Structures are given as C-alpha cells and as structure tokens.
Amino acid sequence: MFTESVEKLASILKNGGIVIFPTETVYGIGALATNTEACLRIYAIKNRPSDNPLIIHFADKSEIEKYCEVSSLAKVLLNEFSPGPLTLVLKKKNDSLFSCGLSTVAVRIPDHIEARKLISLAGPIAAPSANPSGKPSYTKMEDVLEEFSGKVDGILRATEPSYSMESTVLDLSQEKVILLRTGSIDRRIIETRLGIQVEVLESPEIISPGMKYRHYAPNGKIFISKILPSIQEIQSKHKILSNHFGNSSDKSISKIARIGFGMSDVSNFDKMVFNNLDYMKSLYKFLLDCDKTNIEIIYCQEPYDGEFADTIWDRLNKASST
Ligand code: TXA
Ligand code: MG
C-alpha cells in the first residue's frame, strides 16, 4: 500500500507489518522494534546477513532513555546533533528492543517530520536502509517502488531524503568515542563542535557487523581518478569502439558513465557535481542508475579535500572493491 497517511502505516506497524518510509538520509525499511518476528522479516526481504543489527529510530530523546543507558556524553551528542543524521551505539537497559543478540543498540532520531510522526504514533522502529543487501541505499521513491512494491505492507509517500547518504554511526558503548561508519555528518564537525576526539579504527567491522560486508557495489567496474578522462580517452583505453552519446533507451551503447567536477563532454549517463556535498548527495543514485542502464565502465573523480571527503572516499572504495 502506497500512502501519505502516517496513521495507516502506524497501524500496519502495530499489527506486525513492514513499511518503507523516507528519512532525511535514505529510505528505511522498518518494523516495530519491539516485535522480533517482524524485525526478522526485514532480513528476508532485504536478503540481509542475519548478524547485521538494525538501527532503532526514535521520535525523541526521552524515549531513548527508556531503553538505553544514555551517558552524559551521549546526552551532549543528542542535544547537539539530534534530530539529525547521527546514530549512536549505546548499551541496552533492557531486552525490549530487537538487538540481534548484542548488548548494545544503535539509535537515531531522524530529522524528518513525517518519519518522526510515524515513530511517535507506532513506537520505536527498527529500520535498515531500504535496498537489497549489497546495493546502494535508495534515495528516490521511484527506485523504492520498483524494488519493493508488493514485497512490504506499506510505503510512505513523503518528503524525499535530503542528504541521500546514510547517517554517521558512533560507538558510545566504550570508553572512547569510535567512528563505526562515516556518513552525512563529517567526523571533524563533531570533533570541533564538542571538543572531543573521535577514534577512527583500521577495522571497524570488529565492532560493527555491517562493515564487514561488501556494500554499495554496482555491476560495472569502477575506476577512481584525480581528473576525469574524456569519453574518447576512456574508449581508447578500454578499447570501446561504439559511439557513446546515445540516448538511454539504446542499452547496447550505454557502457561508460562518469561522476565528478569537471567534464567538457557530458553524456546522458554522466553526473556533473559542483562540490563535495553535491557529490555525496548524488553518488548513490548515480551508481544505481549505472546498473539500470547497464553501464560497464564507471569513472569517479576523487572528491576535494575537506568536508564529506571521508564519506565519499569510503563509499567509492567500497563500491570499487571486489
Ligand atoms: O541513515 C541511516 O542510518 C539509515 C536510515 C534508514 O536511518 N539506516 C541505515 O541502516 O543505514 P543500515 O542497517 O543500512 O546500517 C546500520 C549500520 C550497520 O553498519 C550496522 O552494522 C550498524 O549500523 N549497527 C547497528 N546496530 C549496531 C550495534 N549495536 N553495534 C554496532 N553497529 C551497529
Ligand atoms: Mg544499509
């Protein structure tokens, strides 16, 4: 069911259903976090590895305190960055929420009015990103409908994600503040604003199960370059003879796509971006469209140094790893 009614979707959730809803980061596929059976259905729909825990979405801070130990530092972070694209891994207070058998839960208050309304009507919602495991997170309703129509019990039509990139995940369950996933808030913004240090691990997968899986991988091969080559240069390097500048309905010649700042010969498949923020917001949709148009060779320009560079680099490295 595709609807604008948060009331209808809240009642579906309360009856054990699965719904998709937008947040300010990406679309989430959610179940009531207190209903284990419903949460497990999400894994089947997404084909998600069973040891990868879900983020629990809350409407406000006082709700989080009912289920989790909120340290004074966690309070400061929540006050400063919530609602917003920051997820905190906290120690559980009780076993009411689905937690994949861990002693911690990841919590987040989305900065999205309709999503928060849904949560406040239904209760805390466990929701990973709404995409088949291994694909880029979905940022547009058209892609959600194409993939999930008929597979879930409801889909909320509301404001589309604005960051189009997942939340930043911090582990606060230990002595140090540890970055588990770089995302829509740059680590350095958190450090500067709060005067704290955020540890970056060599191997975050030791703590965060989701980090060990291959993510965000399009079917085409990704090349990362400092300056984007022209289509002609790519064609000769990869020995492609066909004329690239076709329209997107002609799939046989849609082989090359590029994303980056500088292009003088932009084709239908290329995405020109103007700064790192624009790059971050465009990346997932670009990668997804590459698969839809059967792109085989994907050139991604290195981001500029500075804000959002870490997040873009992280996703480019994951998308290009085999
Ligand atoms: O922006 C977002 O965070 C989106 C929207 C829907 O909120 N959600 C999202 O969820 O990206 P997902 O499942 O795709 O990513 C959640 C990440 C995974 O890497 C998972 O391993 C980690 O958070 N995570 C969840 N619970 C955890 C826990 N208790 N300890 C460590 N990592 C955890
Ligand atoms: Mg995900």
Side-chain angles (χ1 to χ4, degrees), residues 18-31 33 39 42-43 45-59 67-69 81-92 95 97-112 114-116 118-119 124-139 144 147 156 158 160-174 177-185 201 203-217 280-281 284 287-288 311 314-315 318-319:
I18 309 292
V19 306
I20 292 183
F21 58 98
T23 76
E24 84 282 30
T25 57
V26 298
Y27 278 88
I29 172 167
C39 289
I42 296 175
Y43 287 77
I45 298 171
K46 275 194 62 145
N47 198 16
R48 184 179 176 92
S50 60
D51 66 347
N52 192 1
L54 310 177
I55 293 176
I56 318 287
H57 296 71
F58 288 85
Y67 301 95
C68 304
E69 284 177 23
F81 295 104
S82 284
L86 182 69
T87 295
L88 302 179
V89 172
L90 304 175
K91 285 190 189 139
K92 293 195 292 194
D95 284 326
L97 300 175
F98 178 82
S99 64
C100 243
L102 298 172
S103 59
T104 54
V105 278
V107 303
R108 174 166 118 73
I109 304 173
D111 188 11
H112 189 285
E114 296 96 333
R116 278 214 308 281
L118 179 64
I119 300 162
I125 300 176
S129 50
N131 53 282
S133 260
K135 283 288 161 201
S137 297
Y138 287 5
T139 61
V144 166
E147 176 65 39
L156 178 65
E160 293 261 45
S162 54
Y163 290 96
S164 301
M165 176 54 67
E166 300 95 345
S167 61
T168 298
V169 182
L170 294 184
D171 184 0
L172 287 194
S173 69
Q174 318 199 34
V177 179
I178 302 167
L179 180 73
L180 295 182
R181 179 177 73 185
T182 177
S184 286
I185 296 184
L201 299 181
S203 310
E205 64 274 12
I206 294 166
I207 304 177
S208 192
M211 303 306 281
K212 69 174 177 266
Y213 298 106
R214 185 175 182 231
H215 266 105
Y216 325 120
M280 182 178 85
K281 289 180 172 193
Y284 280 155
L287 293 175
L288 202 57
T311 301
D314 176 73
R315 302 312 192 262
K318 283 184 177 134

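When a ligand or atom number is given, it counts from 1 through the structure's own listing order. Worth saying up front: this structure is predicted, and the values here are computed from it rather than measured.
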Counting only heavy atoms closer than 4.0 Å, does ligand 1 sit against the backbone of [X], its side chain, both, or neither?
| X | value |
| --- | --- |
| T104 | both |
| R48 | side chain |
| L180 | side chain |

Between K46 and ligand 1, does any nitrogen or oxygen pair lie at a separation below 3.5 Å?
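By distance alone, the answer is no.
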
Within a strict 4.5 Å, meaning less than it, do heavy atoms of the [X] and [Y] side chains meet?
| X | Y | value |
| --- | --- | --- |
| L54 | Y43 | yes |
| N131 | V26 | no |
| P53 | V105 | no |
| P132 | E147 | yes |

Would S129 count as a contact for the Mg ion (ligand 2), in the sense that one of its N, O or S atoms lies under 2.8 Å from it?
yes

Taking only heavy atoms of [X], which atoms of ligand 1 are found under 4.0 Å from at least one of them?
| X | value |
| --- | --- |
| P53 | 20 (C), 21 (O), 24 (N), 25 (C), 26 (N), 27 (C), 28 (C), 33 (C) |
| H57 | 5 (C), 6 (C), 7 (O) |
| S167 | 1 (O), 2 (C), 3 (O) |
| N52 | 18 (C), 20 (C), 21 (O) |

To which of I56, I178, I55, I29 does the heavy atom nearest atom 23 (O) of ligand 1 belong?
I55

Option with minimal heavy-atom separation from atom 1 (O) of ligand 1, where the choices are T23, T25, L170:
T25

For the residue pair A31 and C39, what are the closest heavy atoms and their distance?
CB-N, 3.8 Å

Evaluation steps, side chain to side chain contact (heavy atoms under 4.5 Å, CB included), between L179 and L170:
CA-CA 5 Å; L179 180 73; L170 294 184; 3.9 Å; yes

State which residue, out of R315, R108, R181, fulfils the side-chain hydrogen bond (donor to acceptor under 3.5 Å, both in side chains) condition with E166.
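Going through the options one by one, the only one that passes is R315.
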
Between the side chains of T25 and S167, is a donor N or O closer than 3.5 angstrom to an acceptor N or O?
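Result is no, nothing qualifies.
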
